[in-house]
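To keep things clear, I will list the structure first and then write my remarks on it.
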Amino acid sequence: MKNSLKQIFVCNSCGSIHPKWLGKCPDCEAWNSIHEETVQKNQYQQNLSGSKADIKPLPKVEEKLERRLFCGVPELDRVLGGGLVVGSLILLSGDPGIGKSTLLLQALNGLAQRGYKVLYASGEESCTQIKLRAERLGSLHMNILVTNETNILAIIEAAKVTRPEVLVIDSIQTVYNPELPGSPGNVSQVRECTNLILQNAKSQNISTFVIGHVTKEGNIAGPKLLEHLVDTVMHLEGDHSSGYRILRAQKNRFGSTGEIGVFAMQGHGLVDIPNPSSLFLDQNKKGCEGSAVTITMEGTRPILLEVQVLVGKTSFASPRRLATGFDTNRFTILLAVLEKRAGLYLSTQDVYANITGGFKIYETAIDLATAAAVTSSLFNKLLPAKSAYFGEVGLSGEIRMVNHALARIQEAQKLGFEKVFIPAQNYQLEQPHILKLVEKSEHPFFVIPVEHINEIVHKDR
Ligand code: TYD
Ligand code: MG
């Protein structure tokens with residue numbers, strides 16, 4: 001076996017392969033990221049052997065309709081792009097304890113109920129623990145096969161014998177290939193095991209979920225190494241304490257990325273939340289000081305969220321600015337814009353901002369709501385009732401347009417909001433649609449175009 005092994009040098013940060021050790025990776029320019037690894041020789045020689053490539057003109061390519069299985073967990077099916085594609089390989093990553101095993105056990109139960117045979121290989125928990133959890137989740141089913149095997153060759157052999165439709169490997173850090181040196185979880189083991197799992201998924205047409213823990217820096221062990229091998233990368237995140245979990249597709253060969261699924265962790269497992277907006281807003285229908293509602297897009301889905309801001313006199317030499325749920329740097333810039341362009345005196349004030357429900361927002365459309373919330377907290381004044389805000393704030397205080405304006409407005413209308421403040425440019429572009437929506441609304445509904453941050457800050461004061 002030994003002579004079929006080969007030493008290569010792999011960059012831990014970008015995954016590129018080099019013939020010798022280097023201090024700095026020439027591809028991604030990371031320092032000290034190159035490590036020696038042992039791999040099976042034949043794998044890298046396969047490509048060089050004289051097998052014939054199948055070449056044809058693009059229009060002549062046969063269209064194979066991908067077959068999909070439904071897991072019976074609607075939010076998961078949606079993030080997958082409308083069900084689980086047969087023979088696809090999916091990586092599910094997330095912090096330890098966030099609910100990855102729970103989610104997949106529920107999905108396996110859904111599949112088992114539909115008559116599919118599934119195999120759950122867990123190196124993390126004993127079969128007894130899995131059974132206890134399954135009882136709690138109501139997921140005991142004869143079609144769910146379990147094993148504690150961690151030898152990847154044995155797992156693949158078992159899959160060949162039992163022929164399940166779906167295989168789950170929990171987790172990639174606990175499985176190992178006995179033909180390679182190194183303990184489970186090291187970069188070469190993770191890579192080689194994933195390669196074997198991939199080959200098995202494609203050749204046997206077994207849809208496979210691989211669970212991966214995230215390291216401290218937020219990378220899946222062997223960063224990027226796995227991501228390009230698999231068809232879909234999903235990330236489960238959320239605030240442990242809030243009980244909400246968000247499933248995001250970061251890469252999906254069979255659907256759109258940016259889709260999210262929202263769950264609540266309860267005593268009997270993860271429960272789908274088909275309408276997250278209403279959930280995050282329930283507590284605050286009347287509104288309170290320093291709180292503004294924004295409409296953010298998650299994939300194709302508008303979600304209403306609350307931005308809360310607390311402004312208070314500082315007791316430090318330089319005032320503190322802290323944002324949870326969105327970018328602190330961007331928040332600091334926004335405060336500078338409010339100070340310079342709208343004349344708010346903030347340099348002696350600490351400003352803290354938070355998105356309720358443990359949600360994270362990565363888009364700039366939240367700016368306008370944050371600005372409104374800062375104003376409200378600073379002047380101890382309630383914002384207009386049942387109002388929502390979206391728009392990007394530019395450095396000169398101008399409100400810049402954002403995408404999917406109409407979808408956002410529609411969502412606010414649907415949830416009973418009465419006023420939506422939007423970028424003036426978006427208003428111009430969508431005017432006919434907006435007017436139609438306003439006309440059809442059964443409750444009073446106003447869409448208010450905003451050109452400059454001053455119009456929000458100095459309104460009604
Ligand atoms: P788990 O799926 O084991 O997390 P992971 O596989 O990502 O490490 O989830 C563990 C947490 O979920 C655990 O702290 C308890 C909680 N939990 C519930 O709150 N309700 C439940 O029904 C289950 C099964 C778990
Ligand atoms: Mg687990």
Side-chain angles (χ1 to χ4, degrees), residues 287-297 304-356 359-385 387-405 408-409 412 419-429 446-461:
C288 50
E289 273 166 25
S291 152
V293 173
T294 188
I295 312 155
T296 177
M297 294 300 294
L304 276 84
L305 289 175
E306 205 182 313
V307 187
Q308 292 187 325
V309 171
L310 181 69
V311 179
K313 208 160 168 25
T314 185
S315 47
F316 301 103
S318 59
R320 299 204 63 189
R321 275 92 178 79
L322 199 68
T324 41
F326 60 107
D327 187 14
T328 299
N329 288 335
R330 190 160 182 90
F331 180 55
T332 315
I333 295 171
L334 181 67
L335 295 178
V337 173
L338 284 172
E339 181 136 17
K340 171 101 179 162
R341 307 290 176 200
L344 294 189
Y345 193 52
L346 291 165
S347 51
T348 54
Q349 310 280 344
D350 288 333
V351 193
Y352 303 99
N354 179 39
I355 307 284
T356 54
F359 234 93
K360 289 194 178 63
I361 303 188
Y362 301 103
E363 63 163 4
T364 52
I366 181 187
D367 289 354
L368 195 59
T370 315
V374 170
T375 314
S376 162
S377 178
L378 182 67
F379 299 124
N380 299 321
K381 200 168 178 318
L382 277 184
L383 292 168
S387 54
Y389 302 78
F390 68 85
E392 179 181 334
V393 175
L395 288 189
S396 19
E398 83 282 15
I399 309 302
R400 308 177 71 95
M401 62 184 278
V402 298
N403 55 15
H404 303 292
R408 297 180 204 247
I409 300 169
K419 287 184 187 165
V420 189
F421 295 83
I422 75 165
Q425 239 177 327
N426 279 123
Y427 189 87
Q428 276 161 15
L429 284 175
F446 303 95
V447 179
I448 300 137
V450 186
E451 259 177 59
H452 195 274
I453 193 74
N454 267 325
E455 294 161 40
I456 294 291
V457 173
H458 298 297
K459 208 171 166 286
D460 304 328
R461 218 168 35 83

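Between R330 and E392, the shortest heavy-atom contact is NH2-CG, 3.6 Å. Here the closest non-hydrogen pair linking S377 and V311 is OG-N, 2.9 Å. Counting all heavy atoms, side chain and backbone alike, L383 lies closest to A372 at CD2-O, 3.7 Å. Heavy-atom minimum distance, R408 versus A365: NH1-CB, 3.5 Å. Among all heavy-atom pairs drawn from T294 and A369, the shortest one is CB-CB, 3.5 Å. Nearest heavy atoms, A342 versus I453: CB-CG2, 4.1 Å.
Interatomic distance, I361 CD1 to T296 OG1, rounded to the nearest 0.5 Å: 4.5 Å. L368 contributes atom CG, which lies 4.5 Å from atom CD1 of I456 (distance to the nearest 0.5 angstrom). Of the inter-residue distances, the one linking F331 atom CZ with L322 atom CG reads 8.5 Å to the nearest 0.5 angstrom. Taking CD of E306 as the reference point, atom CD1 of I355 lies at 9.5 Å (rounded to 0.5 Å). A distance of 10.5 Å separates CG of N354 from OG of S291, quoted to the nearest 0.5 Å. Atom CZ of residue F390 and atom CD1 of residue I409 lie 4.5 Å apart, to the nearest 0.5 angstrom.
The shortest distance between side-chain heavy atoms of L344 and F379 falls below 4.5 Å.
More than 12 heavy atoms of other residues, nucleotides or ligands sit less than 6.0 Å from atom CD of E339.
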- Task: Run the numbers on V374 and L346 for side-chain contact (heavy atoms from CB on, under 4.5 Å), then give the verdict.
- Result: CA-CA 10 Å; V374 170; L346 291 165; 4.2 Å; yes
Practice task
Determine, stepwise, if the pair V393 / I399 fulfils side-chain contact (heavy atoms from CB on, under 4.5 Å).
Solution key: CA-CA 5 Å; V393 175; I399 309 302; 4.0 Å; yes
### Query
What's the verdict on side-chain contact (heavy atoms from CB on, under 4.5 Å) for T370 and F326, showing C-alpha distance, side-chain angles and the deciding distance?
CA-CA 11 Å; T370 315; F326 60 107; 4.0 Å; yes
Tell me, with the steps shown, if D367 and R400 meet salt bridge (charged side-chain N to carboxylate O under 4.0 Å, His left out). CA-CA 10 Å; D367 289 354; R400 308 177 71 95; over 6 Å; no
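With T314 contributing its side chain and Q349 its backbone, the two residues share no donor-acceptor pair below 3.5 Å.
Side-chain polar atoms of Q308 and T356 form no donor-acceptor pair below 3.5 angstrom. For the 3.5 Å distance criterion, the side chains of R321 and N329 fail to qualify, holding no donor opposite an acceptor.
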Residues 419-429, side-chain donor-acceptor partners within the protein, below 3.5 Å, at least two apart:
residue : atom : partner : partner atom : Å
N426    : OD1  : V402    : N            : 3.0
N426    : ND2  : V402    : O            : 3.0

